[in-house]
Amino acid sequence: MRRTMRKLPKSIWIDFQRSVSGLNDKSSPREVLEIVLNWLRNNEKMFSDGPFAAYGFGRFIAMDEHKLPVQHSSMIPSDIPHFRDIILRYNEYDLEPIARFLSDTIEEIVVLQVARPCQNCGFNSMKVYTSSSTGLLAFECSVCGYAEYSNGVKIQSDRLEFADTLTLEAAGLLSTSNA
């Protein structure tokens, strides 16, 4: 029987908190991402189980962040101190909240959000991914989670991957001059 992790090793958590405490109001989303990914990659074995596996940390560890639209992140400067303060409040036993918060933060940094009305709830903000099965762009509502392909067809079941900068530029969703 496989044992699940009940806490992070204290020294590893404190090391991460120390790295995060160095972030300030002038830090960028890229700096946040680098700190998080370095920590995950340096401690990869810890994130293959429990809530970290459930939140897909394997895909974060494996992603090539240099190909993703980090410079178009929806994270704003005032989010950086909030990120830092939340991480510093957690302790090594807070596995589920840490996994959820880091997952949400990484996605906020690497997933482009565009003004596009949701066919389900009408909210005008959708996250852009790529379909792993069709290669089409896929849009997911930031509020209700409704997802559709770029041709407007509702996604029934598909694995969505992070859309890279070149794909987003080719689709006209990013200007090459903004990159």
Q. Considering only heavy atoms from C-beta outward, does the side chain of T167 approach that of E161 to under 4.5 Å?
A. no
Q) Going by the angle between their ring planes, with limits at 30° and 60°, are F60 and F57 parallel, tilted or perpendicular? A) perpendicular
Q: With F139 as reference, evaluate R116, Q119, K127 under the side-chain contact (heavy atoms from CB on, under 4.5 Å) test and give the passing residue.
A: R116
Q: Report the distance from atom CZ of R6 to atom CG of L95, rounding to the nearest 0.5 Å.
A: 10.5 Å
(Q) Does any part of the side chain of I155, heavy atoms only, come nearer than 4.5 Å to the side chain of L160, both counted from C-beta? (A) yes
Q.
Donor-acceptor pair, distance only, cut-off 3.5 Å: does the side chain of S132 make one with the backbone of R159?
A. yes
Q | F101 and F83 aromatic ring geometry - parallel, tilted or perpendicular at 30°/60° bounds | A | parallel
Q. For E108 and D79, which heavy atoms make the closest approach, and how far apart are they?
A. OE2-OD2, 3.2 Å
Q.
Within the structure provided, determine whether M75 and T105 are in side-chain contact (heavy-atom separation under 4.5 Å).
A. yes
(Q) Just so I know, are the side chains of I106 and L40 near enough to count as touching, which here means a heavy-atom distance under 4.5 Å? (A) yes
Q) Looking at E96 and P51, what are the two nearest heavy atoms and their distance? A) OE1-CB, 3.5 Å
Q.
Does any part of the side chain of I80, heavy atoms only, come nearer than 4.5 Å to the side chain of N24, both counted from C-beta?
A. no
Q. Any side-chain heavy atom of C118 sitting closer than 4.5 Å to one from V143?
A. no
Q) When you check the gap from the basic side-chain N to the acidic O, do R59 and E107 get nearer than 4.0 Å? A) yes
(Q) Checking the side chain of T130 only, and the main-chain atoms of G135 only, is there a donor and an acceptor separated by less than 3.5 Å? (A) no
Q. Where is the tightest heavy-atom contact between C141 and M126, given as atom of each residue plus distance?
A. N-CE, 3.5 Å
Q | Shortest non-hydrogen contact between A138 and S131, atoms and distance | A | CB-N, 4.5 Å
Q. Under a 4.0 Å N-O cut-off, is there an ion pair linking E34 with R30?
A. no
Q) Any donor and acceptor pair, going by atom type alone, linking the side chain of W13 with main-chain N or O of Y90 inside 3.5 Å? A) yes
Q.
Let me confirm one number: the CG-OH distance from L136 to Y149, rounded to the nearest 0.5 Å.
A. 7.0 Å
(Q) Tell me if a side-chain donor or acceptor on S125 pairs with a main-chain N or O of S142 at a distance below 3.5 Å. (A) no
Q. Hey, quick one: are L166 and L168 part of the same hydrophobic cluster, counting side-chain heavy atoms closer than 4.5 Å, chains of contacts allowed?
A. no
Q.
With rounding to the nearest 0.5 angstrom, report the OH to CZ distance, Y55 to R100.
A. 4.5 Å
Q) Just how far is it from atom CD1 of I87 to atom OG of S21, taken to the nearest 0.5 Å? A) 11.5 Å
Q) Hey, does the side chain of W39 reach the backbone of I12 with a donor-acceptor pair shorter than 3.5 angstrom? A) yes
Q. Distance from L23 atom CG to K26 atom NZ, nearest 0.5 Å?
A. 14.5 Å
Q) Looking only at atom types and distance, does a side-chain atom of D94 sit under 3.5 Å from a main-chain N or O of N91, one as donor and one as acceptor? A) yes
Q. How far does CG of N42 sit from CG of L37, to the nearest 0.5 angstrom?
A. 10.5 Å
Q) Can you find a pair of side-chain heavy atoms, one from F52 and one from I98, that are under 4.5 Å apart? A) yes
Q.
Give me the atom names and distance for the closest heavy-atom approach of P81 to D25.
A. CG-OD1, 2.9 Å
Q: Verify side chain to side chain contact (heavy atoms under 4.5 Å, CB included) between T165 and Q71, making sure each step is shown before the conclusion.
A: CA-CA 10 Å; T165 302; Q71 67 275 18; 4.2 Å; yes
**Q.** Smallest separation among heavy atoms of L137 and A163, with atom names
**A.** CD2-CB, 4.4 Å
